[in-house]
Amino acid sequence: AQLHAISHHPLKHLGHDHIIPALEHGITVARLNLLRTAIREAEVAGAQAFIDKDFSVRRGDLLQALNRLSSAVYVLMLISWTHQKSGASS
């Protein structure tokens, strides 16, 4: 629940609104975004494999886990960017 809240309302929880990855965000955010896109691709493949023609869902647990993993990486992207912006050392 906390991960969902942070990923959907980052301004409230992290002090920074949503980001669309851009060059200015740096290499760490770019690499995390590549990871997130791979997770999203796995989520799409999972949906194709586990959602039947009649929209019944098998293995909803796996689909939700992939979605949560994507959210976790997004939160890491936000944390990385806010950390970088603050000038804090790694």
Side-chain angles (χ1 to χ4, degrees):
Q2 186 178 18
L3 179 60
H4 179 83
I6 295 169
S7 67
H8 284 74
H9 306 285
L11 185 58
K12 177 180 177 181
H13 298 281
L14 300 175
H16 195 285
D17 211 348
H18 290 283
I19 62 171
I20 297 173
L23 183 61
E24 69 192 41
H25 295 135
I27 191 70
T28 300
V29 170
R31 288 179 175 155
L32 287 167
N33 192 51
L34 282 174
L35 176 60
R36 187 168 183 242
T37 60
I39 294 164
R40 284 295 194 190
E41 289 174 3
E43 188 178 2
V44 169
Q48 292 169 342
F50 298 124
I51 300 176
D52 297 332
K53 289 185 290 185
D54 63 354
F55 297 105
S56 76
V57 178
R58 297 174 292 119
R59 298 310 312 255
D61 59 328
L62 292 178
L63 297 177
Q64 184 178 38
L66 288 166
N67 184 267
R68 293 298 182 268
L69 185 58
S70 171
S71 294
V73 173
Y74 180 63
V75 169
L76 289 174
M77 290 167 61
L78 289 163
I79 290 170
S80 175
W81 174 236
T82 57
H83 184 76
Q84 180 180 328
K85 272 182 49 176
S86 74
S89 60
S90 303

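The structure displayed is predicted, hence computed values, not measured ones. Just so you know, these numbers use all the heavy atoms, side chains as well, and skip hydrogens, waters and symmetry mates. Residue numbers run from 1 in the order of the sequence given.
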Practice prompt. For the residue pair P10 and H18, establish whether any side-chain heavy-atom pair is separated by less than 4.5 Å.
Written response: yes
Fill in: side-chain contact (heavy atoms from CB on, under 4.5 Å) assessment of L14 paired with H9
CA-CA 8 Å; L14 300 175; H9 306 285; over 6 Å; no
Discussion item. Could you measure the distance from the CG atom of L66 to the CG atom of L62? Nearest 0.5 Å is fine.
Written reply: 7.0 Å
Worksheet entry | Cluster link V44 to L35, ILVMFWY, side chain under 4.5 Å | no
Fill in: Considering all heavy atoms, the nearest P21-M77 contact
CG-CE, 3.4 Å
Worksheet item: Heavy-atom distance under 4.5 Å between the side chains of I19 and Y74, does that happen here?
Response: yes
Below 3.5 Å, can you tabulate the donor-acceptor pairs from side chains in residues 23-33 to any protein atom, sequence neighbours excluded?
from : atom 1 : to  : atom 2 : distance (Å)
H25  : ND1    : A22 : N      : 2.9

Worksheet item: Should we say atom NE2 of H4 is surrounded by more than 12 heavy atoms from elsewhere, each under 6.0 Å from it?
Response: no
Discussion item. Please tell me whether L3 and L76 are part of a single hydrophobic cluster in this structure, the criterion being side-chain heavy atoms less than 4.5 Å apart.
Written reply: yes
Worksheet item: Is there a donor-acceptor contact under 3.5 Å from the side chain of D54 to the main chain of S56?
Response: yes
Worksheet item: Which heavy atom in D17 sits nearest to a heavy atom in L78, and how many Å separate them?
Response: O-CD2, 3.7 Å
Item to complete: Answer yes or no: is there a side-chain heavy-atom contact under 4.5 Å between L69 and R36?
Response: no
Worksheet item: Any side-chain heavy atom of I51 sitting closer than 4.5 Å to one from L63?
Response: yes
Practice prompt. Search all heavy atoms of T82 against all heavy atoms of I79 and return the closest pair with its distance.
Written response: OG1-O, 3.0 Å
Item to complete: Compare every heavy atom of N67 with every heavy atom of R40, then report the nearest pair and how far apart it is.
Response: NH1-ND2, 3.3 Å
